[in-house]
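Since the structure comes first, as structure tokens, the remarks are kept for the end.
Quick caveat: nothing in here was measured; it's all calculated off a predicted structure.
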Amino acid sequence: MKIENPNPMQWRFAERAEQLQSSFIREILKITQQPEIISFAGGLPSPATFPIDEMKLAFDKVLSNSGKVALQYGPTDGYLPLRQWIADSLSANGVKIVPEQVLMTSGSQQALDLLGKVLIDEGSRVLVETPSYLGALQAFSVYRPEFVSVDTDENGLVPESLDQVAQGARLLYALPNFQNPTGRTLSLERRHQLVETCARLGLPLIEDDPYGALSYKGAPLPKMVAMNPDGVIYMGSFSKVLTPGIRLGYVVAPLPLVRRLELAKQAADLHTSQLTQMVVHEVIKDGFLDRHIPQIRSLYGDQCQCMLDAMAQHFPSSVTWTKPEGGMFIWVTLPKHINAMALLDEAIANKVAFVPGSPFYANAPETNTLRLSFVTVSPERIRTGIEILGKLIAAKI
């Protein structure tokens, strides 16, 4: 039956829906799909690192041997053998992580959303680095917190600055390893200071660690969750070491919190794909990552050095940048008078793309900053793109 002359539908959105904003990076990625664009914009792992053959074999083995289980509903907290593998990999220095502390999620972005849902009320104080990961700012923003920026420098977050801002805060969110967007690494001394400070203040610390395995030197710094498993919430992901297409992440937390997160996940999606979890476990259970990750480190390290060399050759002396020891990003600081948003328009017109720094700030954005990613671009195109970008910057000085 067709309704005659219906009134126009008046959609009434929730207040939180009215405040939702598109990811600036995702909008840029629409432009960079054009093959002629040299894109330093996306934080995407290199497809050259995807273990396609191993994944194909694992899918076939899981479906052949355990298909009825893999294609069925699964437990909300996740596939036990995979959770056990994660718990074992994080147990160190006499600290024992148990699988009951591990909750599998549909990518680490879901972990951020669940943490926001469980820990943040409207107006809650949430401490973040300066700058911070845009995806976390987006996920937490839905719950309308008061973001408070914590001081950082070339060695990462400054633990001494917490006392001034921590009163009443619900959590501190940090990326200690090769941070997105800056590429900075929190020093070992500061890791201990940060864990001790948060424990003294009774402040939950979220340790988001998607890049920790990607140290070019092959020796990642200790994880803070092993320093205080009762006060540190650890987030991990298989996106950067296997493939992002599987959308598989996890959060490791003290039992009272992980149970709340599990309830929140039940309301969101019941459980993460059982098939995907079983396939990933099949791939990694016999030490595959120990053989695979060094290849990723080598590739990314070479491409990072290529970009650093090109920047040293083509960028004006008044421009500064980080020199990451791992991960996927370089952070650039331009002279104060140069607006990176305006520079982006000129760069795209010259077939080069990057991400301006402003969206990564919770407060008081520095408009003369930008992020470059090098892992999906060949050395030849890195050199070409940096030369173009260097000329555009020089013309503004």
Crowding at CZ, R260 (>12 non-hydrogen neighbours, <6.0 Å): no
Inter- and intrachain pairs under salt bridge (Lys or Arg N to Asp or Glu O under 4.0 Å), touching residues 237-255, at least two apart: none
Electrostatic pair E262-K265, nearest N-O below 4.0 angstrom: no
Under 3.5 Å side-chain donor-acceptor pair for Y250 and D77: no
Q84 and D88: side chain donor to acceptor below 3.5 Å: yes
Basic-acidic side-chain contact under 4.0 Å: D302, R297: no
D309 and Q305: side chain donor to acceptor below 3.5 Å: yes
Gap separating the OG atom of S39 from the CG atom of L372, nearest 0.5 angstrom: 10.0 Å
Separation between CD of Q101 and CZ of R83, rounded to the nearest 0.5 Å: 10.5 Å
Donor-acceptor side-chain pairing of Q164 and D151 below 3.5 angstrom: no
Basic-acidic side-chain contact under 4.0 Å: K391, E387: yes
Other ILVMFWY residues reachable from Y73 by side-chain steps of under 4.5 Å: L270
Distance-only side-chain donor-acceptor flag, S106 / D269, under 3.5 Å: yes
Reported CD1-to-CG distance for the pair I233 and L171, which is rounded to 0.5 angstrom: 7.0 Å
Note: E207-K223 ion pair, threshold 4.0 Å (strictly below): no
Co-members of I52 in a cluster of I, L, V, M, F, W and Y side chains, linked at under 4.5 Å: F50
Distance-only donor-acceptor check, side chains S149 and N363, under 3.5 Å: yes
Ion pair D60/K56, N-O distance below 4.0 Å: no
Shared hydrophobic cluster, I293 / I246 (ILVMFWY, side-chain heavy atoms < 4.5 Å): yes
More than 12 heavy atoms of other groups within 6.0 Å of D345 CG: yes
